[in-house]
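Reviewing the structure listed below.
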Amino acid sequence: MTQRSILTVFVTALLLTSGTVGVVAGATASNPTVGDTATTDLSAPTAAGSPLQPQATGLVRGSPDLSVLISQNEVTPGRINEVTLQVVNDGEVDLGTPQSRSIVTTARSVRLTATSDDSPLSVETGTVALGAVAEEAPREVPVAVSVPNGTEPGNYELEVELEYSYTSQYSSGVTYDREETVTADVDVTVTDDARFRIVDITTNSQVGDQGTLEATVKNVGATAAYETTVALESSSAGLTLGERTADTALVGSLSPGESVTVPYNVAFASTAPDRQYAISGQVSFETSDGISHVDQGLSAGVTPLAEQTFALEDIESTLRVGEDGEITGTVVNTGPVPADNVVVQYTDTSQSILPIEQSAAVGPLDAGESSAFTLPLSIGGEAESGLRTVDFAVQYRNDDGEARAYSDVAVNAEVAPERDAFSVAIANQTIEAGGTRTVEVTVTNNLGEPASDLEARLFANDPLATGDTDTGYVQSLAAGESTTMTFELTTTGSATPGSTYPISLDFRYDDVDGDSHLSDTYRAPIDVTASEGGGLPIPIIVVALLMVGTAALVIYRRRQ
């Protein structure tokens, strides 16, 4: 060996022992360890996500060192618990600089699998892919652990398997990769603390209304709970607890096996579907040592009562254009609960219908019970006859005495055509020419209600004339009742036998409210007949008298 070769070997040995060979230009890379795979990758990603920047001829050798920790290891029987595993990397570097450490200490494509062999516990979470785990960035992995009811308190092991790949050596752009599998055991503790379950939940609230929700909470744990509070929360917009989505109640102490029923004010929106709604919650309590605990496993479903509804049936109508009438029918409580102070209310906005009474009281109705109602209405004179749809609402009070209304009610009512307020009939519609006679007029009240202070007046035009009696009066005339009034009628000399002339009547009266009205004018025909006395007709007699008088006057003047 030459002196120059001996010097080279000495310098190389010195550099290797000093740990700086990875930064000496021109140093020869060590041989890979058996099992390594050599690759060339000058841009392999680091744990931080940026490309590796090793020196071109540097040498780095090392490996990750993964371990598993658990920060909160308590689990509760009777539910699926979530525990958080922490994967920590305490890598080792055999050769290299601090700047190139992450090349060989980063674990890539890490996959975690947890199992619970020989244990009543079961892991519900499958294999979890974590990606890269670097030294400076531990990873947290939530794992679901099912603990059956009746599991004895104590410590139980979970076996955690980690599979990953890493670079064991890097030199002059050449990497040597490995795959590794490590296992670790972590302990979980099944506690004997108080734990809780909702064993019953009910509500008397209906869709579109407020009410009370009662949740029965039981301590199913092995120890007592003190200063206990029960917090429930709704995850649906259709259900609120009070005016919020959550509410909390203080219930005090609960011994093992003891239950307590907690009331909450709830409300279901009017648009809420008739279905079950999810309720979640937690119980906060203190142990006998004054240590605070929280049991977050409460869950239940609650179904509201169906919306309170009513129906209007057996509808009958006496409505008529220009008159007062009424709608009668039956209101039925179609459930599901009893209703107090039921009132049928007119809510239509038609301009041609005027409510005489705005509502009709019915009283209490049990679910399925019905009662008759009558609502008087007035139909304007400009209204059209025929079948009309009229809107109603049913007002009531619930079990808490709060006023409620069901407005989805409408009925079909027939409106009859307009008719005369009175009908007029004359038994004998003739009069002798030049004669006078008594006319008997039968008047019938068609108003549908009594008319009082009814005064009739007769009108006639030439050649007919009224006599001394041209008015008639009756103190009261019930609906549908008739009366006969007597009038005097005469004819003048211009009445021609065989001709027909009209007479007219109108009526002034008071309705049931005391309001005065003047009816329309009613016309009736009168036929003029020849005189039945045997003499000449009055016109001929008048003409004859005129002629005789004229002749007498002529003779008298001649004699003068």
Side-chain angles (χ1 to χ4, degrees), residues 76-82 122 124-125 142 144-149 194-221 228-251 254 257-285 294-311 332-339 366-368 394 396-400 402 404-408:
T76 302
R79 68 186 55 171
I80 297 177
N81 301 260
E82 183 179 280
S122 62
E124 305 295 334
T125 305
V145 179
S146 177
V147 184
N149 270 323
R195 50 191 178 89
F196 301 87
R197 184 183 304 158
I198 296 178
V199 295
D200 189 32
I201 187 167
T202 60
T203 182
N204 64 359
S205 180
Q206 297 174 267
V207 171
D209 202 353
Q210 299 177 357
T212 301
L213 179 147
E214 291 186 342
T216 301
V217 179
K218 182 177 182 180
N219 181 357
V220 295
T228 307
T229 59
V230 180
L232 296 186
E233 182 176 5
S234 166
S235 57
S236 172
L239 168 61
T240 56
L241 284 80
E243 297 181 355
R244 304 176 300 277
T245 59
D247 197 7
T248 302
L250 177 65
V251 298
L254 283 178
E258 186 180 359
S259 299
V260 62
T261 299
V262 188
Y264 297 86
N265 290 328
V266 295
F268 289 90
S270 58
T271 56
D274 187 7
R275 60 172 173 81
Q276 194 173 56
Y277 289 80
I279 294 289
S280 60
Q282 66 180 32
V283 178
S284 301
F285 63 97
V294 177
D295 185 353
Q296 298 179 328
L298 295 186
S299 65
V302 62
T303 302
L305 298 178
E307 182 181 10
Q308 183 69 29
T309 59
F310 296 85
V332 183
N333 179 358
T334 50
V337 298
D366 288 334
V394 179
Y396 64 98
R397 290 188 180 273
N398 61 16
D399 288 342
D400 297 328
E402 298 172 330
R404 296 290 183 265
Y406 178 69
S407 58
D408 191 15

Under 3.5 Å, is there a donor-acceptor pair between the side chain of [X] and the main chain of [Y]?
X	Y	answer
Thr203	Thr212	yes
Ser234	Leu239	yes
Arg195	Pro77	yes
Thr125	Ala144	yes

- Query: So Ile80 and Val145, side-chain contact (heavy atoms from CB on, under 4.5 Å) or not? Walk me through it.
  - Reply: CA-CA 5 Å; Ile80 297 177; Val145 179; over 6 Å; no
- Item | Check against side-chain contact (heavy atoms from CB on, under 4.5 Å), Leu232 and Leu241 | CA-CA 8 Å; Leu232 296 186; Leu241 284 80; 3.9 Å; yes
Between the side chains of [X] and [Y], does any donor sit under 3.5 Å from an acceptor?
X	Y	result
Glu124	Ser122	yes
Gln308	Asn333	yes
Glu307	Gln206	no
Thr229	Thr248	no

- Item | Test side-chain contact (heavy atoms from CB on, under 4.5 Å) applied to Tyr406 and Thr309, step by step | CA-CA 6 Å; Tyr406 178 69; Thr309 59; 3.7 Å; yes
Reported [atom1]-to-[atom2] distance for the pair [X] and [Y], which is rounded to 0.5 angstrom:
X	Y	atom1	atom2	result
Asn81	Ser146	CG	OG	8.0 Å
Leu298	Arg197	CG	CZ	10.5 Å
Asp295	Phe196	CG	CZ	6.5 Å
Arg275	Ser236	CZ	OG	4.5 Å
Ile279	Ser299	CD1	OG	10.5 Å
Asn265	Arg244	CG	CZ	10.0 Å

- Query: If you draw a 6.0 Å radius around CG in Asp200, do more than 12 non-hydrogen atoms from other residues or ligands fall strictly inside?
  - Reply: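 Yes.
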If you look at every heavy atom in [X] and [Y], which pair is closest and at what distance?
X	Y	answer
Lys218	Gly257	CE-O, 3.5 Å
Val207	Pro304	CG2-CG, 3.9 Å
Phe285	Val283	CD2-O, 3.8 Å
Thr76	Arg79	O-CG, 3.6 Å
Gly238	Ala272	O-CB, 4.0 Å
Pro336	Ala367	O-CB, 3.8 Å

Do [X] and [Y] come within less than 4.5 Å of each other through their side chains, counting heavy atoms only?
X	Y	value
Asn398	Asp209	yes
Val230	Tyr264	yes
Val262	Val251	yes

- Task: Identify which one of Asp366, Asn204, Leu305 satisfies the side-chain contact (heavy atoms from CB on, under 4.5 Å) criterion when paired with Val337.
- Result: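 Result for side-chain contact (heavy atoms from CB on, under 4.5 Å) with Val337: Leu305.
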